[in-house]
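Presented below is the structure to which this report refers.
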Amino acid sequence: MGAQQRKASSARTQILEGLNSAQREAVEATDGPLLIVAGPGSGKTRVITHRVAYLVSVRNVSPFRILAVTFTNKAANEMKERLQRLLGRASEGLTVGTFHAFCARLLRHDGKHVGLDPNFTIYDEDDSLDLVKRAMEEAGIDSKRFPPGATRESISRAKSLLQGPEEFSRTAGGYYEQVVSQVYERYQALMSSSNAADFDDLLLLAVRLLDGHAEVLERYQERFLHLLVDEFQDTNIAQYRLARLLAGKHRNICVVGDPDQSIYSWRNADLRNILSFQKDYPDATVINLSESYRSTKTILEAARHLIAENRSRLEKELWTGRVKGGPITVYEAYTEEEEAHFVLSEVKRLVQEDGLSFKDCAVMYRVNAESRALEEACLQHGVKYQLVGGVRFYERQEVRDVIAYLRLLQNPNDQVSLLRIINVPRRGLGTRSLQGLIRWAEEQGLSLPQAVRLLGWKVTEEKTGELPISAKAANSIARFVALLTGLAGEGQRVGVVELIDRVLVDTGYRDYILAQHQGEERWENVMELRGIAQEFDDMEPGEGLAALLERLALVTNVDDYDENADALTLITLHQAKGLEFAAVFITGMEEGLLPHIRSMDSEEELEEERRLCYVGITRAKDRLYLLRAFRRRFMGGSGPTIPSRFLGEIPSELISSPPQLEQRSPWGRWAPRAPDVEREGLAFRAGDRVRHQRFGEGIVVSCQKADTDQEVTVVFKGEARVKRLLLSFAPLEKLED
DNA sequence: CAGTGGAGGCTTTTT
DNA sequence: GCCTCCACTG
């Protein structure tokens with residue numbers, strides 16, 4: 001045995017150590033197509049990372065020739081970190097990233113073949129929606145009859161099916177599709193004149209590039225000897241096509257996924273890809289990772305029964321060597337407030353009595369609206385919480401404004417960004433001027449940014465013949481153009497942080513923000529953006545800006561979830577995918593919420609709701625709570641709810657329920673304690689028993705200052721909803737226990 | 001041209 | 001019930 005072989009052999013032992021036989025098989029099956037079906041908690045990430053490490057250290061594959069794609073930046077970063085630990089410096093040569101980031105890189109490099117300049121701008125959904133609205137306006141389509149959002153979704157769907165405007169129009173059937181097709185065509189024209197690509201374009205154009213340009217295709221096919229696709233059940237048609245193109249030469253394509261965890265069909269993920277894979281690669285090895293290390297037997301059994309109700313599904317084995325564990329708690333609260341209080345008291349009990357930390361617990365729900373009651377309960381119980389999602393950093397107006405300026409400096413043809421900030425801060429360019437400008441641009445056959453530049457030039461050179469807008473507005477345009485030109489020049493000389501500072505000062509944006517309501521807070525957000533830019537400040541002037549913008553476009557909503565913060569996690573079921581917690585609470589187990597009302601008319605959508613529930617259940621390691629409220633306020637109304645059918649699909653012997661509704665008074669179960677802060681001067685605290693002249697006896701949920709008055713929230717006996725009363729008006733009498 | 005009020009609308013949201 | 005979007009008014 002040579003030294004080389006010995007080294008490989010010892011690396012092999014090391015890499016395979018601690019893996020079960022199926023996992024080993026998946027790591028070692030390096031030649032040819034491979035489909036890994038990985039149930040929840042089966043060590044999927046472990047297998048992927050060890051497989052890559054195996055390729056590099058045992059099979060001596062150059063890291064440069066391995067591509068691993070994921071869906072989220074979070075997953076990509078996690079993978080990178082783990083590979084760094086396994087491989088050390090060798091991991092730096094690997095290509096690990098999201099589909100979109102990979103495509104963006106591809107297009108920056110070779111996009112000219114499909115009509116993109118290297119400095120193209122990536123439009124997110126909001127930008128895209130703006131552009132759809134513009135396209136509809138231009139096409140004279142009534143946005144009341146054809147909601148722009150739905151139109152955008154139709155276009156997005158078409159793109160993810162690799163249909164361009166022409167093809168879409170050819171297959172367009174009904175009147176609605178005809179209209180969409182018209183908008184699609186306009187939209188794409190605007191997109192192209194803006195030198196921009198939306199998220200779907202990144203995939204679509206990458207496919208076009210590879211499909212239509214043999215020499216480019218060959219280059220990438222040759223390079224990537226091994227391809228790995230994570231979360232394969234979430235790929236759409238374009239993504240799968242891309243993967244197939246890339247693996248076209250060497251055919252070493254490994255896809256990992258779990259069809260039972262496919263919950264993104266509404267984002268055009270196409271479960272059929274798994275079936276197609278087996279058809280396209282009939283020689284594919286299929287490995288099922290059937291041992292689960294996460295959940296107790298009871299929890300896994302509940303999940304298994306639930307998912308077995310789905311008809312369109314492949315039966316698969318999943319077992320665990322873990323303990324049986326305690327029963328699943330199903331709790332039927334009276335109101336959503338009580339539901340939340342039950343969760344909070346239970347979380348506190350788990351922390352105090354069972355030695356869990358807050359970070360080991362998570363509350364999961366179908367819709368974000370449910371988080372409200374939970375947040376309030378957290379405040380009342382004095383429990384720190386981490387709300388995942390919500391208003392995201394990059395969606396804040398002020399952050400987007402600043403980004404729009406930066407984008408415009410990078411890509412002067414970016415129409416969406418131009419329109420966003422042309423009158424921010426106010427430059428006296430209102431709707432009237434803009435309409436005139438847009439009409440003029442159309443007449444001249446120019447894009448809006450081109451028209452703006454031309455007009456600015458005319459004014460400066462005093463070549464003003466007939467102006468399309470008032471002289472005042474035209475002068476304002478000229479100043480605006482000069483401002484941008486100046487800043488763009490600056491961008492060639494200084495680092496990106498200084499550039500941002502110049503933008504903020506020279507455009508007057510700083511003063512504009514600070515003068516606003518909550519200006520300080522908004523300014524803080526701008527400064528946070530500046531903080532992010534610092535990472536790119538050492539780069540060459542132009543490149544720092546480009547890199548920053550790429551990051552801002554593709555790494556949205558900063559992975560705001562901090563796994564180490566000692567706080568209770570509040571999260572949607574969708575976002576919970578890929579996470580695990582010792583204790584999981586799923587709220588809103590009601591017909592209409594889970595399954596959601598909008599998913600109840602079709603069998604497919606209903607099955608996706610069931611998968612969503614399955615995802616939630618299988619996040620739990622040791623304890624699972626399923627909750628519902630007998631009455632819930634929703635969309636203004638409030639009424640009795642029906643227990644979710646999913647509750648009935650879990651065998652009752654796995655469930656234990658605290659006393660049910662009929663057997664107890666609705667408020668007797670919990671006595672929430674108010675947090676020890678900010679209780680000064682308040683007339684009541686949470687948990688106090690009170691009497692009201694008209695409403696009778698009740699329990700205080702919260703009491704807080706409201707201007708000079710205090711607002712008391714009370715659940716009254718026999719009342720479905722909590723009441724919010726003002727202390728000065730409400731005849732409330734405190735009862736002693 | 002910009003701030004306010006009334007009507008309508010409403011899941012999920014990897015990139 | 002709460003937020004967003006647009007239309008109207010000052």
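Residue numbers start from 1 in every chain, and the chains themselves are labelled A, B, ... in the order their sequence lines are given, proteins ahead of strands.
- Pairs of residues two or more places apart, or lying in two chains, never qualify as salt bridge (Lys or Arg N to Asp or Glu O under 4.0 Å) while including a residue from residues 595-604 of chain A.
- The distance between atom CD1 of Ile571(A) and atom C1' of dT12(B), rounded to the nearest whole Å, is 13 Å.
- Nearest to the side chain of His596(A), among dT11(B), dT14(B), dT15(B), sits dT11(B).
- At least one test fails for Arg610(A) against the ring of Tyr614(A): distance under 6.0 Å to the centre or angle within 45° of the axis.
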Counting primed atoms, P, OP1 and OP2 as sugar-phosphate and everything else as base, the B/S/- map of nucleotides 1-9 of chain B against protein heavy atoms under 4.0 Å is SSS------
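- Here the P atom of nucleotide dT12(B) and the CD atom of Glu605(A) are 14 Å apart, to the nearest Å.
- Looking at the side chain of Arg366(A), the nearest of the listed nucleotides dC10(B), dT15(B), dT12(B) is dT12(B).
- In this entry the distance linking CZ of Arg152(A) with P of dT13(B) reads 15 Å, nearest Å.
- Using a 4.0 Å heavy-atom cutoff across all strands shown, Asp234(A) reaches at least one base atom of the nucleic acid.
- Distances shown here put a side-chain N or O of Thr572(A) below 4.0 Å from the OP1 or OP2 atom of dT13(B).
- Taking the side-chain hydrogen bond (donor to acceptor under 3.5 Å, both in side chains) definition, one finds that Thr45(A) meets it with nothing, sequence neighbours left out.
- Proximity of Lys577(A) to Asp234(A): side-chain heavy atoms (C-beta onward) are separated by under 4.5 Å at one or more points.
- Separating the CD atom of Gln239(A) from the P atom of dT14(B) is a distance of 14 Å, rounded to the nearest angstrom.
- Counting only residues at least two apart or on different chains, the side chain to side chain donor-acceptor pair (under 3.5 Å) pairs with a member in residues 134-143 of chain A are Arg134(A)-Glu138(A), Arg134(A)-Gln415(A), Glu138(A)-Arg186(A).
- Glu125(A) comes within contact range of at least one nucleobase, with a heavy-atom separation under 4.0 Å.
- Note: CZ (Arg372(A)) to P (dC10(B)) measures 20 Å, nearest angstrom.
- Screening Glu590(A), Glu337(A), Glu338(A) for a salt bridge (Lys or Arg N to Asp or Glu O under 4.0 Å) involving Arg632(A) leaves a single residue, Glu590(A).
- Residues satisfying the side-chain hydrogen bond (donor to acceptor under 3.5 Å, both in side chains) criterion with Asp230(A), sequence neighbours excluded, are Lys44(A).
- Residues satisfying the side-chain hydrogen bond (donor to acceptor under 3.5 Å, both in side chains) test with Glu608(A), not counting sequence neighbours, are Ser265(A), Arg611(A).
- Between dC3(C) and dT14(B), the distance separating the two C1' atoms is 25 Å to the nearest Å.
- Here, dC5(C) and dT12(B) have their P atoms 16 Å apart, quoted to the whole Å.
- Separating the CD atom of Glu376(A) from the C1' atom of dG1(C) is a distance of 12 Å, rounded to the nearest angstrom.
- Contact check of residues 256-269 of chain A against DNA chain B (heavy atom, cut-off under 4.0 Å) returns Tyr264(A), Trp266(A), Arg267(A).
- Test Arg420(A), Lys133(A), Arg407(A) against Asp127(A) for salt bridge (Lys or Arg N to Asp or Glu O under 4.0 Å) and you get one pass: Arg407(A).
- Between dT13(B) and Gln575(A), a contact under 4.0 Å exists linking OP1 or OP2 to a side-chain N or O.
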Taking distance alone, no hydrogens or angles, what donor-acceptor pairs closer than 3.5 Å link side-chain atoms of residues 152-164 of chain A to residues at least two apart or in another chain?
{"residue": "Ser154(A)", "atom": "OG", "partner": "Ala150(A)", "partner atom": "O", "Å": "3.1"}
{"residue": "Ser154(A)", "atom": "OG", "partner": "Tyr176(A)", "partner atom": "OH", "Å": "3.3"}
{"residue": "Ser156(A)", "atom": "OG", "partner": "Asp200(A)", "partner atom": "OD2", "Å": "2.8"}
{"residue": "Arg157(A)", "atom": "NE", "partner": "Asn268(A)", "partner atom": "OD1", "Å": "3.0"}
{"residue": "Arg157(A)", "atom": "NH2", "partner": "Asn268(A)", "partner atom": "OD1", "Å": "3.2"}
{"residue": "Lys159(A)", "atom": "NZ", "partner": "Gln188(A)", "partner atom": "OE1", "Å": "3.1"}
{"residue": "Lys159(A)", "atom": "NZ", "partner": "Asp198(A)", "partner atom": "OD1", "Å": "3.4"}
{"residue": "Lys159(A)", "atom": "NZ", "partner": "Asp198(A)", "partner atom": "OD2", "Å": "2.6"}
{"residue": "Lys159(A)", "atom": "NZ", "partner": "Asp201(A)", "partner atom": "OD1", "Å": "2.8"}
{"residue": "Lys159(A)", "atom": "NZ", "partner": "Asp201(A)", "partner atom": "OD2", "Å": "3.2"}
{"residue": "Ser160(A)", "atom": "OG", "partner": "Ser156(A)", "partner atom": "O", "Å": "3.4"}
{"residue": "Ser160(A)", "atom": "OG", "partner": "Arg157(A)", "partner atom": "O", "Å": "2.9"}
{"residue": "Ser160(A)", "atom": "OG", "partner": "Asn268(A)", "partner atom": "ND2", "Å": "3.2"}

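- Considering only the side chain of Phe71(A), dT14(B) comes nearest among dT14(B), dT11(B), dT15(B).
- Residues passing the side-chain contact (heavy atoms from CB on, under 4.5 Å) test with Thr507(A), sequence neighbours excluded: Tyr405(A), Arg427(A), Leu483(A), Leu487(A), Val503(A), Tyr509(A).
- Residues that satisfy the ring-ring contact (aromatic ring centres under 6.0 Å, His included) test with Phe646(A), not counting sequence neighbours, are absent from this structure.
- In this structure, CE of Met79(A) is placed 18 Å from P of dT14(B), rounded to the nearest angstrom.
- We find that CD of Glu609(A) is positioned 12 Å from P of dT13(B), with the value rounded to whole Å.
- At the phosphate of dT14(B), neither OP1 nor OP2 sits under 4.0 Å from any side-chain N or O atom of Asn73(A).
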Tabulated below should be each protein N or O lying under 3.5 Å from an N or O of nucleotides 4-6 of chain C; please produce it.
none

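- Residues satisfying the side-chain hydrogen bond (donor to acceptor under 3.5 Å, both in side chains) criterion with Ser476(A), sequence neighbours excluded, are absent altogether.
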